[in-house]
Amino acid sequence: MQIRRAELSDVSQMVALIEEMRRQYQAFQPIFWRKAENSAAITDSFFRMMVSDASWFVFAAVDGKTLEGFISAREVPVPPVYVLDGPTVVVDDFAVHNGRNWESIGRQLLDHFMGFAQKQHWRQIIVVAADLDASKSAMLRAAGLTIASNWWTMTLPERS
């Protein structure tokens, strides 16, 4: 398996992986993670922009012509009310094939990305994961990441 910068030719497989993950996340929390019917088309456009934009950092794990996983991130400013010795990078779209390969492919992608992040002199990495995504969470914990925040949600009743 090779980990390299994602290319436009990877986008369709990236969309398929994230759609698979969205279906899983929707089962975990059907309100917050409810997938839009046109999410694949929207994501295709967004991923094409992301892969082409130098301010995004997108890496793909490929085995031959098969994309096994990908990780995408962007540097974000540290809120001025907090002190950190350098920039923060947020990893949001991070998926692996079948969601069962977090300990292998996911960890390789994360390790590769963290090595890249250190070369960029980023001081903090934030990775988004669903609360019930036990496999991804276990991999993140094993990699030394800790939970900094949780988002709590509920559906509000309609006003009459």
Inset, instruction - Check whether any side-chain heavy atom of Gln29 lies under 4.5 Å from a side-chain heavy atom of Asp131, and answer yes or no. - result: no

Inset, instruction - Mind checking the CE-OG spacing from Met14 to Ser9? Nearest 0.5 Å is all I need. - result: 10.5 Å

Legend entry - Co-membership, hydrophobic cluster, residues Met139 and Phe28, 4.5 Å side-chain: yes

Inset, instruction - Quick one: closest heavy-atom pair of Ile125 and Leu110, and the distance? - result: CD1-CD1, 4.2 Å

Legend entry - Qualifying residues under side-chain hydrogen bond (donor to acceptor under 3.5 Å, both in side chains), relative to Ser55, sequence neighbours excluded: Asp53, Arg74

Legend entry - Which residues share a side-chain contact (heavy atoms from CB on, under 4.5 Å) with Ala148, sequence neighbours left out: none

Legend entry - Nearest non-hydrogen partners of Val89 and Ala73, listed with the distance: CG2-CB, 3.5 Å

Legend entry - Minimum-distance pair of heavy atoms, taken over all atoms of Ala143 and Met114: O-CE, 4.3 Å

Inset, instruction - Sequence neighbours left out, what passes ring pair (Phe, Tyr, Trp, His ring centres under 6.0 Å) with Phe46? Give chain and number order. - result: Trp56

Legend entry - Closest contact, heavy atoms only, Ala40 versus Val15: O-CG1, 3.8 Å

Legend entry - Which residues share a side-chain contact (heavy atoms from CB on, under 4.5 Å) with Trp151, sequence neighbours left out: Phe32, Ser149

Legend entry - Qualifying salt bridge (charged side-chain N to carboxylate O under 4.0 Å, His left out) pairs with a residue from residues 58-73, counting only residues at least two apart or across chains: none

Inset, instruction - Could you list all the salt bridge (charged side-chain N to carboxylate O under 4.0 Å, His left out) pairs where at least one residue sits in residues 133-147, not counting sequence neighbours? - result: none

Inset, instruction - Spell out, yes or no, whether Ile42 and Val51 are grouped together once hydrophobic residues are joined by side-chain heavy atoms under 4.5 Å, including indirect joins. - result: no

Inset, instruction - Give every residue pair that meets the salt bridge (charged side-chain N to carboxylate O under 4.0 Å, His left out) criterion with at least one member in residues 8-22, sequence neighbours excluded. - result: Arg4-Asp10, Glu19-Arg22, Glu19-Lys35

Legend entry - Verify same cluster id: Met49, Leu17 (apolar side-chain graph, 4.5 Å): yes

Inset, instruction - Kindly state each residue pair satisfying salt bridge (charged side-chain N to carboxylate O under 4.0 Å, His left out) with at least one member in residues 109-125, sequence neighbours excluded. - result: Arg107-Asp111

Anything under 3.5 Å between a donor and an acceptor, one on a side chain of residues 91-99, the other on a protein residue two or more places apart or in another chain? List them.
none

Legend entry - Listed partners of Arg34 passing side-chain contact (heavy atoms from CB on, under 4.5 Å), at least two apart: Gln26, Ile31

Legend entry - Non-hydrogen atoms of Leu109 and Ala60 that approach each other most closely: CD2-C, 4.2 Å

Inset, instruction - Determine, using the 4.5 Å side-chain heavy-atom cutoff (strictly less than), whether Leu8 and Phe70 are members of one ILVMFWY cluster. - result: yes

Inset, instruction - Tell me, please, which residues at least two apart from Pro87 pass side-chain contact (heavy atoms from CB on, under 4.5 Å). - result: Glu75, Trp122

Inset, instruction - Report the distance from atom CD1 of Ile147 to atom OG of Ser137, rounding to the nearest 0.5 Å. - result: 6.5 Å

Inset, instruction - Tell me whether Trp33 is reachable from Met154 by hopping between hydrophobic residues (I, L, V, M, F, W, Y) whose side-chain heavy atoms are closer than 4.5 Å. - result: no

Legend entry - Beyond-backbone contact of Ile18 with Phe47, side-chain heavy atoms, under 4.5 angstrom: yes

Inset, instruction - Verify the ring-centre separation between Phe116 and Phe59: is it less than 6.0 angstrom? - result: yes

Legend entry - Nearest atoms (heavy-atom pairs only) where Val58 meets Ser72: CG2-CB, 3.9 Å

Counting only pairs under 3.5 Å, give me each side-chain donor-acceptor contact of residues 76-84, with atom names and distances, residues two or more places apart or in other chains.
none

Inset, instruction - Return yes when atom CD of Gln120 has more than 12 non-hydrogen atoms of other residues, nucleotides or ligands closer than 6.0 Å, and no otherwise. - result: yes

